[in-house]
Structure formats: structure tokens, C-alpha cells
Student: 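Structure below; questions to follow.
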Amino acid sequence: MTNGRPEDSRQSKNQRREAAREKAKVLREEQRKKDLRNRWILFSGIGVVVVAIIVCVVLIVASSVKTAGPGPLNMASDGIKITTGNVAVTTPALAAGEQPTPSAANPAGVLDIRVYIDYMCPYCGQFETTNTEQIGKWLAQGAATYEVHPLSLLDRSSLGTKYSTRAANAAACVANYSPNNFFDFNSLLFTNQPAENTSGLTDAQLQGYVKQAGAGSTDTINSCITNQDFKGWVADSTTRATTEPLPGSTLAKVTGTPTILVDGQQYQGSLTDANAFANFVLQVSGQSSSSATPTPTPAS
């Protein structure tokens with residue numbers, strides 16, 4: 001109890017003032033802790049957002065890059081070489097990033113016909129559909145070999161489906177698992193070639209032509225087409241063809257498709273005249289059209 005003295009009243013006021021100061025101190029400390037907590041939450045949230053953005057960017061970049069991978073069997077030159085009876089020359093697969101090995105030279109008197117093509121390229125389609133029959137006859141005669149290099153230059157012309165890459169990958173799948181059916185599969189892709197600026201053939205259609213070409217191991221090839229097992233190789237081989245000298249010729253690189261070489265000499269004549277190409281082949285061979293088989297002769 002208080003006795004009513006003035007000092008007791010002053011003491012009571014001092015106590016109240018001190019209590020107020022202590023309370024204010026406690027409130028300030030609580031506010032400081034609250035501010036620190038809010039700041040930590042804010043920076044943590046920003047950090048999470050930044051990390052999420054970085055992850056998204058990495059995933060987008062990673063998905064846009066064609067991952068390098070081993071190449072297909074029988075295409076160590078970045079192309080498949082077809083010989084008498086449509087039989088392919090067998091070769092080991094290229095390791096990821098490995099440089100291709102040019103095909104061995106042909107025996108004397110056997111012409112080396114080599115083409116760099118894109119399955120969406122209409123000019124390639126003109127050349128192939130015009131000359132497939134007579135090239136097939138030259139192969140049967142043993143007069144020539146036919147080496148096909150599928151490229152992916154026209155992905156931009158297939159409404160986002162990247163048909164050039166998908167078709168070249170499908171060709172690589174056939175070369176890998178059923179190489180002796182490659183010539184027929186290649187011909188079917190051009191016989192049924194889609195127009196530029198369309199979505200191209202579907203994977204199911206590509207798989208249908210695999211079967212129509214008589215290929216074996218169709219389940220494995222179909223899976224290879226669906227999964228685009230050789231997409232990385234398609235990108236790498238296309239880069240090599242368009243940036244490096246072409247073996248056995250004076251060309252510094254492929255500048256357009258089709259690029260057609262006969263014993264290293266580039267054919268630049270009509271793509272729709274079989275006789276024009278046959279005469280060029282005869283000219284390169286140094287023989288006349290009256291020579292006996294196995295000299296290449298124009299298709300009737």
C-alpha cells in the first residue's frame with residue numbers, strides 16, 4: 001500500500017514510464033524480427049522464381065539442341081552405298097562426333113554415282129523419280145553404284161513437323177536394320193513425296209513405306225522412326241555436308257540439293273530428262289552409248 005507521500009506518486013509514474021519504455025522496446029524488437037522474416041520470405045520467393053526461370057531456360061535450350069549420338073550402321077561415309085542387286089555395302093556405325101570415312105573406290109569400269117538429297121526437296125524428287133528406273137538397271141548390270149546421303153535442310157518447310165529430319169532419320173533406320181531394302185524405301189519416299197510447306201508424311205506413313213519396301217525388322221525400324229534414334233546423326237551429317245569438302249570431288253561443300261556427283265564430277269543438267277543424265281554418265285565413263293553392257297545405257 002502507499003502512504004500518500006509525493007515520492008510514492010513519483011515512483012509510481014517512473015515505474016509506469018519504465019514499463020512503457022520496456023513495452024515499446026519489446027514491440028520494436030518484434031517488428032524488427034517481423035521485418036527480417038518478411039524480407040527473408042521475399043528474397044526466398046525471388047530466389048525460387050529465379051531458379052525456376054533458369055531451369056526452364058535450360059530445359060528449352062536442351063530440348064532445342066539435337067543431341068549427338070552414334071550413327072547408323074552401313075553409313076560410315078554419311079551415306080549408304082548400294083551395289084549390284086540393291087545390296088548395300090556394310091560398314092560399322094560412326095561413334096558420336098566421329099568423322100565419316102569416305103567409301104572405298106569402285107573397281108575399274110564401275111561408276112560411282114553419289115547424291116546428296118533432302119526428302120522435302122522438290123528438285124530432288126524430280127531427279128529421283130526421273131532416274132530411279134535407269135539407276136536401278138545400272139545397279140543390276142553392275143555398271144554403277146549409288147550412294148545416297150540424306151540431309152535435313154528444309155525442316156522450315158514442313159509447318160513445324162521437321163519432316164526433313166524425320167524422313168532422313170527414317171532412311172537411316174532402314175539403312176541400319178534392313179540396308180538391302182534402302183533403295184526401294186528411298187524410291188518410295190520420292191514417289192510419294194509431300195509438297196513443300198505441308199506437314200509432310202506422318203511417322204505412320206513412313207512406317208508404311210518401310211513395310212512396302214519389304215524391309216525386315218519392321219518393329220525395330222518403326223520404333224527407331226518414332227523415337228528418332230538417329231536425329232543427332234542427321235544434324236551432324238548435314239552440318240558436315242554443308243561445311244566440309246565432299247570426298248572425291250572438287251566441291252567445297254553442299255550448297256543445295258540435289259547435289260549429284262558421277263565419279264566426282266557434278267551433274268548440273270536437266271533433272272527431268274533421263275537421257276540427259278544418262279548421256280552425262282556416259283560422257284564421264286568415256287564410253288559411247290553403243291558400247292556393250294555393263295556400260296550404263298539410257299532407260300527407254
Student: Short question: side chain of Ser237, backbone of Val234 - any donor-acceptor pair under 3.5 Å?
Tutor: yes
Student: Got a donor-acceptor contact below 3.5 angstrom from the Ser223 side chain to the Thr220 backbone?
Tutor: no
Student: For the atom pair CG (Leu189) and SG (Cys124), what is the distance rounded to the nearest 0.5 Å?
Tutor: 12.0 Å
Student: Decide yes or no on side chain to side chain contact (heavy atoms under 4.5 Å, CB included) for Ile260 and Phe280, but give the supporting numbers first.
Tutor: CA-CA 11 Å; Ile260 306 154; Phe280 176 79; over 6 Å; no
Student: Search all heavy atoms of Pro179 against all heavy atoms of Ala175 and return the closest pair with its distance.
Tutor: CB-O, 3.3 Å
Student: Roughly how far, to the nearest 0.5 Å, is CG of Leu151 from OG1 of Thr238?
Tutor: 4.5 Å
Student: Among pairs that include at least one residue of residues 77-94, which meet salt bridge (charged side-chain N to carboxylate O under 4.0 Å, His left out), considering only residues two or more places apart or in two chains?
Tutor: Asp78-Arg240
Student: Evaluate the side-chain hydrogen bond (donor to acceptor under 3.5 Å, both in side chains) criterion for residues Glu147 and Ser103: first the C-alpha distance (whole Å), next the side-chain angles of each, then the deciding distance (0.1 Å), finally the verdict.
Tutor: CA-CA 9 Å; Glu147 185 168 322; Ser103 297; 2.8 Å; yes
Student: For the residue pair Phe277 and Tyr267, does the interplanar ring angle fall in the parallel (under 30°), tilted (30 to 60°) or perpendicular (over 60°) class?
Tutor: perpendicular
Student: For the side chain of Thr130 and the backbone of Phe127, is there at least one donor-acceptor N/O pair under 3.5 Å apart?
Tutor: no
Student: Quick check against the 3.5 Å criterion: does Asp184 have a side-chain atom that pairs as donor or acceptor with the backbone of Gly214?
Tutor: no
Student: Restricting to non-hydrogen atoms, name the atom on Ile221 and the atom on Ser178 that form the minimum distance, rounded to 0.1 Å.
Tutor: CD1-CB, 4.0 Å
Student: Could you see if Leu73 belongs to whatever hydrophobic cluster contains Val174? Use Ile, Leu, Val, Met, Phe, Trp, Tyr and a side-chain cutoff under 4.5 Å.
Tutor: no
Student: Atom CD of Gln228 and atom CZ of Arg166: how far apart are they, to the nearest 0.5 Å?
Tutor: 7.0 Å
Student: To the nearest 0.5 Å, what is the distance between CD1 (Ile225) and CZ (Phe230)?
Tutor: 11.0 Å
Student: Closest approach of Leu246 and Ala241, non-hydrogen atoms and distance?
Tutor: CD2-O, 3.8 Å
Student: Quick one: do Val262 and Val110 end up in the same hydrophobic cluster if we chain Ile, Leu, Val, Met, Phe, Trp and Tyr together by side-chain heavy atoms under 4.5 Å apart?
Tutor: no
Student: Just verifying a value: how many Å separate Asn181 CG and Thr218 OG1, rounded to the nearest 0.5 Å?
Tutor: 11.0 Å
Student: Hey, is the main chain of Gly160 close enough, under 3.5 Å, to the side chain of Ser158 for a donor-acceptor pair?
Tutor: no
Student: I would like to know whether Asp118 and Ser164 meet side-chain hydrogen bond (donor to acceptor under 3.5 Å, both in side chains); could you show each step before the answer?
Tutor: CA-CA 6 Å; Asp118 185 307; Ser164 292; 2.7 Å; yes
Student: Spell out, as yes or no, whether a donor-acceptor pair under 3.5 Å connects the side chain of Gln207 to the backbone of Asn222.
Tutor: yes
Student: When clusters are formed by joining ILVMFWY residues with side-chain heavy atoms under 4.5 Å apart, either directly or through shared neighbours, do Val89 and Tyr146 land in the same one?
Tutor: no
Student: Taking NZ, NE, NH1 and NH2 as the nitrogens, is one of them in Lys25 or Glu29 under 4.0 Å from a carboxylate oxygen of the other?
Tutor: no
Student: Do the side chain of Thr198 and the main chain of Pro194 share a donor and acceptor less than 3.5 angstrom apart?
Tutor: no
Student: Does the pair Gln266 and Thr250 meet the rule for a side-chain hydrogen bond (donor to acceptor under 3.5 Å, both in side chains), with working shown?
Tutor: CA-CA 9 Å; Gln266 185 177 12; Thr250 59; over 6 Å; no
Student: Before giving the answer on side chain to side chain contact (heavy atoms under 4.5 Å, CB included), spell out for Asn186 and Glu128 the whole-Å C-alpha distance, their side-chain angles and the decisive distance to 0.1 Å.
Tutor: CA-CA 9 Å; Asn186 180 75; Glu128 290 283 339; 3.4 Å; yes
Student: With no hydrogens and no angle check, just 3.5 Å: does a side-chain donor-acceptor pair link Glu244 and Gln99?
Tutor: yes
Student: Flag the pair Tyr209 / Phe185 as yes when their ring centroid distance falls below 6.0 Å, and as no otherwise.
Tutor: no
Student: Under a 3.5 Å distance rule, please check whether Asn74 uses its side chain to pair with a backbone N or O of Ile80 as donor and acceptor.
Tutor: no
Student: Do the side chain of Asn279 and the main chain of Asn275 share a donor and acceptor less than 3.5 angstrom apart?
Tutor: yes
Student: What is the minimum heavy-atom distance between Pro247 and Tyr116, and which atoms define it?
Tutor: CD-OH, 4.2 Å
Student: Main chain of Thr165, side chain of Asn169: is a donor-acceptor contact present, judged purely on distance under 3.5 Å?
Tutor: no
Student: Would you please say whether a donor-acceptor pair under 3.5 Å links the side chains of Thr145 and Asn106?
Tutor: yes
Student: Side-chain heavy atoms nearer than 4.5 Å, only ILVMFWY residues, links allowed to pass through others: does that put Tyr123 and Val148 together?
Tutor: yes
Student: Carefully, step by step, assess Gln31 and Asp35 under the rule side-chain hydrogen bond (donor to acceptor under 3.5 Å, both in side chains).
Tutor: CA-CA 6 Å; Gln31 185 63 44; Asp35 290 343; 2.9 Å; yes
Student: Which value, rounded to the nearest 0.5 Å, describes the distance between Trp138 atom CH2 and Gln141 atom CD?
Tutor: 9.0 Å
Student: Of the non-hydrogen atoms in Tyr163 and Ser199, which two are nearest, and what is the gap between them?
Tutor: CB-O, 4.1 Å
Student: State which residues pass disulfide bond (SG atoms under 2.5 Å apart) with Cys121; sequence neighbours excluded, sorted by chain then number.
Tutor: none
Student: Taking all non-hydrogen atoms of both residues into account, name the closest pair between Leu251 and Leu261 and its distance.
Tutor: CD1-CD2, 3.8 Å
